[in-house]
Amino acid sequence: MRSIGLATTTEKHAPTARPQSLAASTETTGARTRTNASGLALMSLVFIGGATVMTVEMCASRLLAPYFGTSLFIWAILIGLVMIYLTVGYSVGGRLADRYPSPSVLYGITGVAGFAVGLIPLMSRPILSWSLEGFSSYSVNIFLGSLVGVILLFSVPLILLGFVSPFAIRLRTMGVASAGGTAGGVSALSTLGSILGTFIPVFLLIPRVGTAATLYTAAVALLAFSVLGLFSASKQRSALVIGTLLAIVLALALFAPRGLIKPPAMGKLLYEKESAYNYIQVVQTDKQVSLMLNEGHAIHSIYNPDRVLTGGPWDYWLIAPYFGKDFKPSDMKNMAMIGSAAGTAAHEFTATYGPLPVDGVEIDPEIVDVGNRYFDLADLKNVTTHVQDGRTYLQTEGKNKQWTVVGIDAYRQPYIPFHLTTKEFFQEVRAHLTPDGAVMINAGRTPTDTRLVEALAQTMLLVYPNVYVIDVPTMYNSMVVGTNGPSKLSNFAENADRVGRESGIGSRESGTASDISLLKQVFETSLQKGNVREVKPKQGAVVFTDDKAPVEEVIDQIILGVVNEEGK
């Protein structure tokens, strides 16, 4: 009977138990919703964190370029230190996640990281400006100290961003059985963010809004997602603190003085811009307009409406083929200029030989725009500028063309892109020369150190029957010439003498006029001050190939030699 009564009692109370079950179900659904929201916030932060890491790295290279350049060694230092910072972050972050496995701790960390990213544009300028003092005073300690200082500036945000992946894996892992899938998912999402953090800044943000605005954008995004994460974790007070940091970064982005990226090394600044390839400055001194790139320690183009010749390396492409026997101004048919910049060589060639075809090859479209706007490049109707890498142009669009002169001046000061210095490249160039044509490359040197000139000359001797060097007396440059056909050093003086006997304006078979007087001036300077000489093969000489071309190492040794000598 008791058992029946118990059953009866249970039946009576069954209906009253249903509301309790519904409430429990509702509570479970709410908890699941909050869990989903928390998980979405966490994984969104993983994505944003990965994107911010690469954005900071890309922007770091742009901040350094106007002061330290973009050589392989600078990239190695930058990438190596970024990896060190992330390694520290992974290690410390993993231990911290085990000790404090809370999403709110991670959101607070990423909020601080976002604030540190937002301070980089403001704090980097004084440190970078310090490097100018080091360069002007030839102080290796100041120069390298400023480099280390600005790279250390990235240490705080990158170390903190290294916390994100181990924290997320710890928070998302429910057990050993799912650990591999969780780690893989977090790593994949972080990597996807890194991919977008590489492409979006480089192709969209930096060329359009600049490096500082790109960093502010990354900082604001990271801070905003940190605030949302704290709200999802019901940490309103912490969210308010990180929100205050977000407001400060927004104020910096909107109201912090930008000013110049870098003061001009000389003259009056007419134009300044960061392109996808270079930091560009156009400066004016009296009537002369000059193009300066990246570090700004060299002039890449000159234009003066009252004067054609510059006294610099641009003048010498006019005389490159005159090592051939009986070469005359009327034998000049056309020219290609790899690394045409703003068009100085094209102006000189047109003024000297008339409106013969000139193919300029320049990889940076912003420099071509600068040439049209400030260097009257657009006025030269005989000039076609191809926005392309020089070697790629020879292999594609220009593959069926031949020129009397191929000039190479593709400096990213003070470096030459290695693929434009190799035996294989010069073989490609030779295939594009007319039978009486010549190639001439501009190479840097010092009064006592010509190892880059010698390496290029010895490399060219592997391809061309004869190679010559002309020193530029007004600058630390030498012009290395390779002739497509057999030639002699004596031919140069004989051709110069023949040109010297011609009238100032010589007629051309094509019907256009050439200004022989300009040629006379370049010949005179070359023969009197240029130390014109033929290069002979040397046993064991350094040569450059596509497989091995230590161009930057050679140039850095030259630079360090100058700095050490001047610093004594």
Side-chain angles (χ1 to χ4, degrees), residues 30-56 82 84-120 153-176 178-194 197 218-250:
R32 187 180 297 114
T33 302
R34 288 193 298 273
T35 300
N36 290 339
S38 177
L40 179 61
L42 179 63
M43 297 309 284
S44 298
L45 192 65
V46 169
F47 178 84
I48 295 298
T52 304
V53 167
M54 291 309 301
T55 299
V56 170
V82 168
I84 290 173
Y85 299 151
L86 291 176
T87 300
V88 173
Y90 296 148
S91 177
V92 177
R95 296 179 184 181
L96 192 65
D98 287 338
R99 187 168 183 179
Y100 303 103
S102 168
S104 60
V105 174
L106 177 60
Y107 298 140
I109 290 170
T110 55
V112 174
F115 183 66
V117 172
L119 292 179
I120 290 174
L153 189 62
F154 304 108
S155 62
V156 173
L158 290 174
I159 289 173
L160 294 179
L161 286 170
F163 287 20
V164 175
S165 290
F167 243 101
I169 292 171
R170 175 66 176 82
L171 294 172
R172 296 283 291 178
T173 301
M174 297 294 105
V176 175
S178 63
T182 300
V186 169
S187 299
L189 190 60
S190 177
T191 302
L192 179 60
S194 297
V220 167
L222 189 57
L223 281 161
F225 275 88
S226 300
V227 171
L228 290 175
L230 288 167
F231 272 118
S232 72
S234 301
K235 298 292 183 180
Q236 282 78 10
R237 183 173 297 179
S238 298
L240 182 61
V241 173
I242 301 302
T244 302
L245 298 181
L246 172 60
I248 293 173
V249 172
L250 282 171

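Residues satisfying the side chain to side chain contact (heavy atoms under 4.5 Å, CB included) criterion with Val92, sequence neighbours excluded, are Val88, Phe163. Applying the side chain to side chain contact (heavy atoms under 4.5 Å, CB included) test to Leu250 and every residue at least two apart in sequence or in another chain returns Val220, Leu246. In terms of the side chain to side chain donor-acceptor pair (under 3.5 Å) criterion, residue partners of Ser102 (sequence neighbours excluded) are, by chain and number, Ser104. Under the side chain to side chain contact (heavy atoms under 4.5 Å, CB included) criterion, Leu189 pairs with Met43, Val46, Phe47, not counting sequence neighbours.
In this structure, Leu45 CG and Leu40 CG are separated by 11.0 Å, a value rounded to the nearest 0.5 Å. We find the CD1-OG distance between Ile84 and Ser155 to be 11.0 Å, quoted to the nearest 0.5 Å. Atom CG of Leu240 sits about 7.5 Å away from atom CZ of Phe231, to the nearest 0.5 Å.
For the side chain to side chain donor-acceptor pair (under 3.5 Å) condition, no pair includes a residue of residues 39-53, sequence neighbours left out. Identified under the side chain to side chain donor-acceptor pair (under 3.5 Å) test for residues 90-101, with sequence neighbours left out: Asp98-Arg170.
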N/O donor-acceptor pairs under 3.5 Å from side chains in residues 109-120, not counting sequence neighbours:
from, atom 1, to, atom 2, distance (Å)
Thr110, OG1, Leu106, O, 3.2
Thr110, OG1, Tyr107, O, 3.0
Thr110, OG1, Ser226, OG, 2.7

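Residues Leu245 and Ile242 have side chains in contact (heavy-atom distance under 4.5 Å, counting atoms from C-beta outward).
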**Prompt:** side-chain contact (heavy atoms from CB on, under 4.5 Å) between Leu161 and Leu222: does it pass, once the steps are laid out?
**Reply:** CA-CA 10 Å; Leu161 286 170; Leu222 189 57; 3.6 Å; yes
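Scanning all heavy atoms of the two residues, the minimum distance from Gly93 to Pro166 falls at C-CG, 4.1 Å.
In terms of modelled atom types and a separation under 3.5 Å, the side chain of Ser194 and the main chain of Gly50 share a donor-acceptor contact.
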